[in-house]
Amino acid sequence: MMTCNEYFENLRGKNVLVLGLGVSNRPLVKLLLSHGICVTGCDRTARENLDEEVLELERQGCTLKLGDDYLDNLSGDVAFRTPGLHPEKPELLSLREKGCIITSEMEAFFAVCPCKIIAVTGSDGKTTTTTLISELLKKEGYTVWLGGNIGTPLLDKADEMLETDKVVLELSSFQLMNMPFSAQIAVVTNLAPNHLDMHKDMDEYVHAKENVYLHQGKDGILIVNADNEITNSFAPKAQGTVKKFSRMSVPERGVYLKEGVIYRRGEVVEKIMSTDTILLPGIHNVENYMAAICATEGMVSDDTIRTVAATFGGVEHRIELVRVKDGVRYYNDSIASSPSRTIAGLRSFPEKVILIAGGYDKHIPYDVLGPEIVRHVKLLICTGATGEKIYEATVNASHYRPGCPEILKIEDFYESVRTASKLAKDGDVVLLSPASAAFDKFKNFMVRGKEFKKTVMEL
C-alpha cells in the first residue's frame with residue numbers, strides 16, 4: 001500500500017488529464033497541482049458557464065480544455081475520467097491506443113486508503129444502507145469517513161486517515177466500471193434494470209457492479225440480498241466469506257426476518273430487534289438494516305444497532321417528511337430514480353397516496369410500476385419526459401379501471417406540486433417519487449428534491 005504522497009510523486013513529470021471537472025474531480029486537480037504535476041482539465045462546460053471554483057483551478061496552473069469538443073485530439077500519460085464518462089467512449093479508446101493510462105479518482109483512493117473500506121452498491125437502497133453503516137460505526141465509537149457516490153470525494157483526506165478508521169463508500173456502476181480494486185467488505189443491496197441510457201446493456205451494468213467484490217481475496221466479505229436473483233448469483237464467485245440477508249428465507253450465514261423480528265445466524269442464532277422499533281418507514285428499510293447489520297458484524301454491538309434504529313430519521317430526499325399542511329403530509333422521495341425504488345416508496349404507506357412521478361428517460365421498462373400504482377395510488381400526476389411511459393404502464397396494468405387511480409398529465413413540475421396540493425384532502429399523502437432521473441429538468445435528484453420542498457413550503 002502506497003501513501004497518498006507516494007502516489008502523486010509517481011505522477012511527477014507526467015502529463016495528466018482530468019476528464020470532467022465536477023465535484024469529485026476538483027479536489028483531485030488541487031492535489032495534482034500541489035505536487036507540481038502538469039494538469040489539463042477537460043470539461044464540456046463552456047467558459048462563460050464555469051463557476052468560480054473551476055476558474056480558480058485555472059489560476060493555480062490547470063490548463064483548461066472546454067466545450068463540446070473537450071475530448072477531441074487529447075494526449076497525455078495518465079487520464080482520470082469522471083464517473084459518468086463511459087470508459088469505452090471512442091475518445092478514451094483512442095487515448096489508450098496512444099499509451100495513456102485511464103484511471104479515476106476513486107481508483108486512486110483505493111490505491112492509497114490506509115484503512116478498511118466497506119463499499120455498498122446496488123440499484124436501490126445503497127445511500128440509506130451506506131449511511132446506516134456509517135451511523136452504526138460512529139455510534140460504536142469509530143472514526144468514520146463517508147464518501148463516494150454519496151457526494152464527498154475522499155482522496156484529499158487519505159493522508160489524515162488512520163489504520164484503525166473505517167471508510168464507508170457508496171459506489172455507482174459508473175465508478176465501478178473497469179475498477180481493478182474491491183472493498184474488504186462489499187455489500188450489494190439488490191439489482192434491477194437501471195442506467196440503461198449509459199450502459200450498453202443490462203449485462204454491462206451487472207458486470208460493473210460485480211467489481212465491488214470480484215477483486216477480493218480470501219479475507220474479503222461479500223454481502224448479498226438472497227431474495228434478489230441477480231445478487232444471489234454472485235455468491236459462488238466470491239473468493240472470501242459470503243453473508244446473505246433475506247426476508248424470504250433463512251441463510252446459512254447472515255441476517256433474516258421472521259415474524260417481524262430480525263435475527264442473525266452464524267454459529268448460533270441471535271435475535272437483534274423487532275422491526276416495529278425501526279424509526280424509518282417501509283419494508284425496504286428493514287432490508288437496508290439487515291444489510292448494514294451484516295456489514296458491521298463483529299464491529300458493532302446489538303445495543304448500538306437497536307439505539308440507532310430507534311433514533312435515526314433517514315437521509316434527505318428519501319421518503320423525507322417535508323411538511324404537514326391542512327392535514328396533508330408531503331414526502332420528498334426524489335432519490336427514487338427507478339421503478340423499483342418508487343415501488344418501495346409506495347409500499348411504505350398504508351393508505352393510497354397522491355403520487356407525482358416522471359422525469360429523465362433512462363430507457364428502462366416501467367411495466368412493473370403500473371400494477372403497484374393501481375394498488376397504492378389514488379391520484380397519479382405524470383410529469384417530465386417519462387410521464388407518458390408511466391401513464392401507459394398504469395392504464396395497461398391488469399387491474400386498472402378508469403378513474404382508479406385518477407390520472408393527470410402536467411408537464412410543468414411546479415404546477416404538478418401545486419395541483420397535488422389543491423386536490424389533496426385532510427389525511428392525504430402527497431409523495432414525490434419520480435421513478436426517473438432528474439436530468440430532463442434539474443441538475444440532479446438533490447436539486448429536484450430541494451425544489452419540491454421549496455414549492456411545498458410556499459403553498
Side-chain angles (χ1 to χ4, degrees), residues 122-128 189-199 202 205 225 227-230 247 281-285 287-288 317-319 331-411 413 416-417 419-420 429-442 445 448-449 452:
S123 298
D124 305 312
K126 56 183 179 292
T127 300
T128 298
T189 57
N190 51 59
L191 283 175
N194 205 350
H195 299 300
L196 299 187
D197 57 324
M198 294 289 291
H199 290 286
M202 185 65 180
Y205 173 65
N225 184 345
D227 304 332
N228 183 276
E229 183 178 353
I230 300 174
R247 293 191 290 116
I283 191 64
H284 61 295
N285 279 318
E287 291 183 331
N288 294 336
H317 309 301
R318 292 149 183 85
I319 318 184
Y331 286 88
N332 167 29
D333 194 31
S334 183
I335 185 64
S337 60
S338 66
S340 56
R341 192 181 288 269
T342 293
I343 289 169
L346 291 174
R347 290 176 178 176
S348 299
F349 297 94
E351 64 270 81
K352 288 194 172 186
V353 307
I354 297 172
L355 174 66
I356 302 170
Y360 175 79
D361 192 351
K362 296 190 287 185
H363 305 298
I364 57 179
Y366 282 85
D367 52 317
V368 295
L369 182 59
E372 297 290 336
I373 289 175
V374 172
R375 291 188 194 100
H376 298 286
V377 175
K378 62 187 294 185
L379 169 62
L380 170 64
I381 300 178
C382 298
T383 188
T386 59
E388 187 64 29
K389 285 187 173 183
I390 295 170
Y391 169 83
E392 293 291 339
T394 303
V395 299
N396 290 328
S398 58
H399 291 90
Y400 171 77
R401 301 189 314 279
C404 299
E406 181 184 352
I407 305 176
L408 299 176
K409 297 180 183 178
I410 302 175
E411 176 60 27
F413 176 82
S416 296
V417 180
T419 299
V429 168
V430 174
L431 174 67
L432 171 69
S433 190
S436 313
F439 307 127
D440 59 333
K441 296 180 179 178
F442 302 101
F445 76 86
R448 176 173 62 190
F452 173 76

Under the side chain to side chain donor-acceptor pair (under 3.5 Å) rule, what do Arg341 and Ser433 come out as? Steps first, then yes or no, please. CA-CA 8 Å; Arg341 192 181 288 269; Ser433 190; over 6 Å; no
So, the side chain of Thr394 versus the backbone of Gly370: is there a donor-acceptor pair under 3.5 Å, distance only? no
Can you see which heavy atom on Ala438 is nearest to which on Phe445, and at what distance? CB-N, 3.7 Å
Distance-minimising heavy-atom pair for Ala336 and Thr342: CB-OG1, 3.5 Å
Just how far is it from atom OH of Tyr391 to atom SG of Cys382, taken to the nearest 0.5 Å? 8.5 Å
Is there a donor-acceptor contact under 3.5 Å from the side chain of Arg318 to the main chain of Asp333? no
Begin with the C-alpha distance, continue with both residues' side-chain angles, and end with the deciding distance and a verdict on side chain to side chain contact (heavy atoms under 4.5 Å, CB included) for Lys441 and Thr383. CA-CA 11 Å; Lys441 296 180 179 178; Thr383 188; 3.6 Å; yes
Can you give me the closest heavy-atom contact between Ile319 and Gly345, atom names plus distance? CD1-CA, 3.9 Å
If you draw a 6.0 Å radius around CD in Glu229, do more than 12 non-hydrogen atoms from other residues or ligands fall strictly inside? no
Side chain to side chain donor-acceptor pair (under 3.5 Å), that's the test. Do Tyr331 and Ser348 meet it? Break it down for me. CA-CA 11 Å; Tyr331 286 88; Ser348 299; over 6 Å; no
Please, which pairs that meet side-chain hydrogen bond (donor to acceptor under 3.5 Å, both in side chains) have at least one residue in residues 367-379, sequence neighbours excluded? Arg347-Glu372, Glu372-Arg375, Glu372-His376, Lys378-Asp428
Rounded to the nearest 0.5 Å, what's the gap from OG on Ser123 to CG on Asn225? Could you check? 11.0 Å
Check step by step if side chain to side chain donor-acceptor pair (under 3.5 Å) holds for Asn190 and Ser340. CA-CA 10 Å; Asn190 51 59; Ser340 56; 5.6 Å; no
If you define the side chain from C-beta out and look only at heavy atoms, does anything of Tyr400 sit under 4.5 Å from Pro405? yes
Given the rule in the side chain to side chain contact (heavy atoms under 4.5 Å, CB included) test, do Leu408 and Thr419 qualify, once you have shown the distances and angles that lead to the verdict? CA-CA 10 Å; Leu408 299 176; Thr419 299; 3.9 Å; yes
Which atom names give the shortest non-hydrogen contact between Cys404 and Val374, and what distance separates them? O-CG1, 4.2 Å
Any chance you could measure Ile356, atom CD1, to Leu380, atom CG, to the nearest 0.5 Å? 10.0 Å
Looking only at heavy atoms, what is the nearest atom pair of Ile230 and Met202, with distance? CD1-CE, 3.9 Å
When rounded to the nearest 0.5 angstrom, what distance separates CD1 in Ile407 from CD1 in Ile373? 7.5 Å
Kindly indicate whether the side chain of Leu431, heavy atoms from C-beta on, has any atom under 4.5 Å from the side chain of Ile354. no
Under 3.5 Å donor-acceptor, Ser436 side chain and Pro434 backbone: yes
Are the side chain of Tyr366 and the backbone N or O of Ala435 linked by a donor-acceptor pair below 3.5 Å? yes
Worked check of side chain to side chain contact (heavy atoms under 4.5 Å, CB included) between His284 and Asp124: CA-CA 9 Å; His284 61 295; Asp124 305 312; over 6 Å; no
Which pair of non-hydrogen atoms, one from Asn228 and one from Leu191, has the smallest distance, and what is that distance? ND2-O, 3.0 Å
Using 0.5 Å steps for rounding, measure from the CG atom of Asp361 to the CG atom of Asp440. 9.0 Å
Show, in sequence, the C-alpha distance, side-chain angles and deciding distance for Glu406 and Ile381, and conclude whether the side chain to side chain contact (heavy atoms under 4.5 Å, CB included) test is met. CA-CA 9 Å; Glu406 181 184 352; Ile381 300 178; over 6 Å; no
Aromatic ring centroids of Tyr360 and Phe442 under 6.0 Å? no
Between the CZ atom in Arg448 and the CG atom in Leu432, the distance rounded to the nearest 0.5 Å is 6.0 Å
